[in-house]
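The next block holds one structure in the form of structure tokens; read it before the comments.
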2 protein chains.
Amino acid sequence: MPRPSDNDCQMTRQILDRIGDKWSLYIIATLNDGSRRFNELKREIEGISQRMLTLSLRGLERDGLVTRTVFPTIPPRVDYALTPLGATLLEPVMALVRWAEKNKQPIAQARERFDEAANAAPEPGEGVVYRRR
Amino acid sequence: MPRPSDNDCQMTRQILDRIGDKWSLYIIATLNDGSRRFNELKREIEGISQRMLTLSLRGLERDGLVTRTVFPTIPPRVDYALTPLGATLLEPVMALVRWAEKNKQPIAQARERFDEAANAAPEPGEGVVYRRR
DNA sequence: CAGGATCCTTTCAGATACTG
DNA sequence: CAGTATCTGAAAGGATCCTG
């Protein structure tokens with residue numbers, strides 16, 4: 001894998017930043033079922049604020065992953081849809097999601113063990129000392 | 001893909017957050033070549049601060065992706081290495097990286113087009129008006 | 001309906017100083 | 001060497017109000 005200093009790596013880094021952000025993946029996954037209007041997305045993606053939906057969609061549009069189609073009617077109507085490029089992103093992403101789902105058990109267990117050890121680690125010869133306050 | 005509201009999705013979300021953060025992927029990629037000491041990682045991962053390296057390693061250790069081995073010598077020595085689980089993460093991640101590298105050209109072009117359009121869009125009947133200040 | 005503009009709080013992350 | 005602790009500026013993100 002390229003290093004952060006590599007010029008070649010900047011674009012990769014930026015793409016990972018986008019798909020790694022809090023909402024873009026959900027938008028892409030939702031649009032994979034077909035195009036949506038702004039408020040449809042807002043309703044289907046629970047917890048997203050209007051602001052973040054707008055910003056995320058702008059980012060995806062800027063990267064050519066999503067199209068934005070305005071119908072100059074009253075009231076206005078705006079449809080968002082995946083571009084062919086955006087659609088191809090879903091495959092490698094889903095591979096990662098499958099990995100996460102497949103391994104969430106051992107990860108959750110590792111966390112429990114780690115957190116227990118951190119909270120209950122006795123300092124040798126000093127009695128019990130609780131770390132992290 | 002599960003929705004953010006699904007309980008089932010929380011772990012997946014958290015895993016994506018981890019691999020999506022700024023440094024974890026570089027750490028994993030570096031450790032894939034073999035175990036490293038703290039300062040070796042710091043030297044090899046250009047631009048990372050001591051603080052962020054510590055925090056990222058703690059997170060990876062907590063999730064069971066990385067092991068931390070302390071040698072109680074003077075000066076102290078600490079080795080970090082991938083767990084078997086951590087090693088399996090690299091494959092789906094690399095699929096994503098390959099996608100990014102393969103498609104960085106069209107994405108960069110889409111950005112140029114988008115940014116130009118945003119900066120030069122003339123308001124109809126109003127002469128040229130520059131958006132974003 | 002689909003946002004743009006603002007305000008305001010929370011979180012992140014770099015720099016620095018100190019320690020076993 | 002391998003960290004921890006603290007401070008601080010920057011950035012992310014939510015809530016709210018306003019508009020064509």
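Lettering follows sequence order; numbering is per chain, from 1.
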Rounded to whole angstrom units, what separation is found between the [atom1] atom of [X] and the [atom2] atom of [N]?
X: B:F71; N: D:dG3; atom1: CZ; atom2: C1'; result: 17 Å
X: A:I74; N: D:dG20; atom1: CD1; atom2: P; result: 12 Å
X: B:I45; N: C:dA13; atom1: CD1; atom2: C1'; result: 16 Å
X: B:D17; N: C:dC12; atom1: CG; atom2: P; result: 10 Å
X: A:D79; N: C:dG3; atom1: CG; atom2: C1'; result: 15 Å

Quiz item: CZ of B:F38 to CZ of B:R77: how many Å apart, nearest 0.5 Å?
Solution: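 Rounded to the nearest 0.5 Å, the CZ-CZ separation comes out at 14.5 Å.
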Quiz item: Could you give the distance from CG (A:L31) to CG (A:L90), rounded to the nearest 0.5 Å?
Solution: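 A:L31 atom CG to A:L90 atom CG measures 10.0 Å (nearest 0.5 Å).
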Quiz item: With respect to the side chain of B:V78, which nucleotide from D:dA2, C:dC1, D:dT4 is positioned closest?
Solution: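 The closest nucleotide is D:dA2.
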Quiz item: How does each nucleotide of nucleotides 11-19 of chain D score, in 5' to 3' order, for protein heavy atoms under 4.0 Å: base (B), sugar-phosphate only (S), or none (-)?
Solution: --BBB----
Quiz item: Under the salt bridge (Lys or Arg N to Asp or Glu O under 4.0 Å) test, which residues partner B:D21, sequence neighbours left out?
Solution: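 B:D21 satisfies salt bridge (Lys or Arg N to Asp or Glu O under 4.0 Å) with no other residue.
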Quiz item: If you look at every heavy atom in B:V78 and B:R68, which pair is closest and at what distance?
Solution: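 Here B:V78 and B:R68 meet closest at CG1-CG, 3.7 Å.
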Self-check item: B:D63 to B:L85 - nearest heavy-atom pair and separation
Solution: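 Of all heavy-atom pairs spanning B:D63 and B:L85, the closest is O-CD2, 4.3 Å.
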Quiz item: Heavy-atom distance under 4.5 Å between the side chains of A:I45 and A:I48, does that happen here?
Solution: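 A side-chain contact exists here, since the closest heavy-atom pair is under 4.5 Å.
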Self-check item: Whether A:E40 side chain and A:R37 backbone form a donor-acceptor pair below 3.5 Å
Solution: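 Flag set: sc A:E40 to bb A:R37 pair under 3.5 Å.
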Exercise. Could you tell me whether a side-chain N or O of A:R13 sits under 3.5 Å from a main-chain N or O of B:K22, the two making a donor and an acceptor?
Key: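 At least one qualifying donor-acceptor pair exists.
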Quiz item: Of all of residues 35-43 of chain A, which get a heavy atom below 4.0 angstrom from DNA chain C, listed by number?
Solution: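 Within this stretch, A:R37, A:F38, A:N39 sit under 4.0 Å of the strand.
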Practice problem: Could you tell me whether B:Y80 contacts a base, only the sugar-phosphate backbone, or nothing, with contacts defined as non-hydrogen atoms closer than 4.0 Å? | Solution: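 Since only primed, P, OP1 and OP2 atoms lie under 4.0 Å of B:Y80, the category is sugar-phosphate.
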Quiz item: Are a donor atom and an acceptor atom from the side chains of A:R36 and A:Y80 found within less than 3.5 Å of each other?
Solution: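 A:R36 vs A:Y80: no donor-acceptor pair found between side chains.
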Quiz item: For C:dG3, does OP1 or OP2 lie under 4.0 Å from any side-chain N or O of A:R58?
Solution: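 Checking C:dG3 against A:R58, a side-chain N or O does come within under 4.0 Å of OP1 or OP2.
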